Each structure stands twice: as structure tokens, then as C-alpha cells.
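Beneath this line is the structure, given in C-alpha cells, with notes to follow.
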Amino acid sequence: QVQLVESGGGLVQAGGSLRLSCAASGRTFSTYCMGWFRQAPGQEREFVSAINWKGGRTAYAEAVKGRFTISRDNAKNTVYLQMNSLKPEDTAVYYCGASRVATTYYSYLMTSPLDYGSWGQGTQVTVSS
């Protein structure tokens, strides 16, 4: 497993931007699929974006396509989520996750929270209208 720590959340007006970071410990970070999920009060944790081990394959929820961009820097053991054109409905606690399986299979890209075995503590993102 890896240990994950998110940062970068905050309060922003609608239309603004934030960049979330997730720092990981562990030498095998580069072999994990990494994902961002979010959870609003009273709702289940939902998929936002994921990136494969090499960074060449990504996936996004329909609600954030064209506005959010996921990336990773394996040399820094960090995954990022650039969020632009934020909307009030993006308000949630954002969690970074590492997949249960460590693999260099290029196509391995998980979108269900059940496929993630390590989580950070979350960072609050609040978008005001």
C-alpha cells in the first residue's frame, strides 16, 4: 500500500480554478493507477478522474470532461488534478486513491472506488455561486 496526502483545496468562486495535489509515499508509486474521487454531504463517493501508471491514459467523469485535467509526476510521487471553470456542484471533499493492484499493464485504468485500496484524508473544495 501507499500513503497519500491531498492538498490544494479551498474556497473559490464559480468560474475559478484550483489545483489539487496528492503526494504519495512508497517506492512503487509509479506502478499504481491513481484516481480522484469526490464525496458531497449525504452522497456516495463518486469517480472524477483516473490516470494509468505511465500517465498516458486517462479517464474522466462526464460532469468534469473538458474542465478538469489529471496528471502525474512519478519522479515526485505526485498526482495532480487541475480544475478549471469550477461550478457550485463541484463542491465536495476530494479524495485521492491508489489502485488495489500495482501493474505496468498500460490499459489498467480503474473508475470504481472498489478498485482502490489506499486513500488520502481528503481535501475540501467549496465553489460559491
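Quick caveat, the model's predicted, so the values are computed rather than measured.
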Which atom pairs, donor and acceptor, lie under 3.5 Å between side-chain atoms of residues 100-107 and protein residues at least two apart or in another chain?
{"unit_1": "Arg100", "atom_1": "NE", "unit_2": "Leu114", "atom_2": "O", "d": "2.7"}
{"unit_1": "Thr103", "atom_1": "OG1", "unit_2": "Tyr105", "atom_2": "N", "d": "2.9"}
{"unit_1": "Tyr106", "atom_1": "OH", "unit_2": "Gly56", "atom_2": "O", "d": "3.1"}

Derivation and outcome, ring pair (Phe, Tyr, Trp, His ring centres under 6.0 Å), residues Phe37 and Trp119: CA-CA 10 Å; Phe37 292 77; Trp119 296 95; 5.2 Å; yes
side-chain contact (heavy atoms from CB on, under 4.5 Å) partners for Val127, two or more places apart: Val12, Ala14, Leu86, Pro88, Asp90, Thr91, Val125
Residues Glu6 and Thr123: side-chain donor-acceptor under 3.5 angstrom: no
Nearest heavy atoms of Met34 and Cys96, plus distance in Å: CE-SG, 3.6 Å
Within 45° cone and under 6.0 Å: Arg67 NZ/CZ vs Tyr60 ring: no
Shortest non-hydrogen contact between Tyr116 and Gly35, atoms and distance: CE2-N, 3.4 Å
Shared hydrophobic cluster for Leu18 and Val48 (ILVMFWY, side-chain gaps under 4.5 Å): yes
Trp53 versus Ser30, closest heavy-atom pair with distance: CB-O, 3.1 Å
Test ring-ring contact (aromatic ring centres under 6.0 Å, His included) applied to Tyr95 - qualifying residues, sequence neighbours left out: none
Residues which pass ring-ring contact (aromatic ring centres under 6.0 Å, His included) with Tyr94, listed by chain and number, not counting sequence neighbours: none
Smallest separation among heavy atoms of Leu4 and Ala24, with atom names: CD2-CB, 3.5 Å
Under the side-chain contact (heavy atoms from CB on, under 4.5 Å) test, residues paired with Ser71 that sit two or more places apart: Tyr80
Closest contact, heavy atoms only, Ile70 versus Trp36: CD1-CD1, 3.6 Å
Any pair counted as salt bridge (charged side-chain N to carboxylate O under 4.0 Å, His left out), so long as it reaches residues 39-51, sequence neighbours left out: Arg38-Glu46
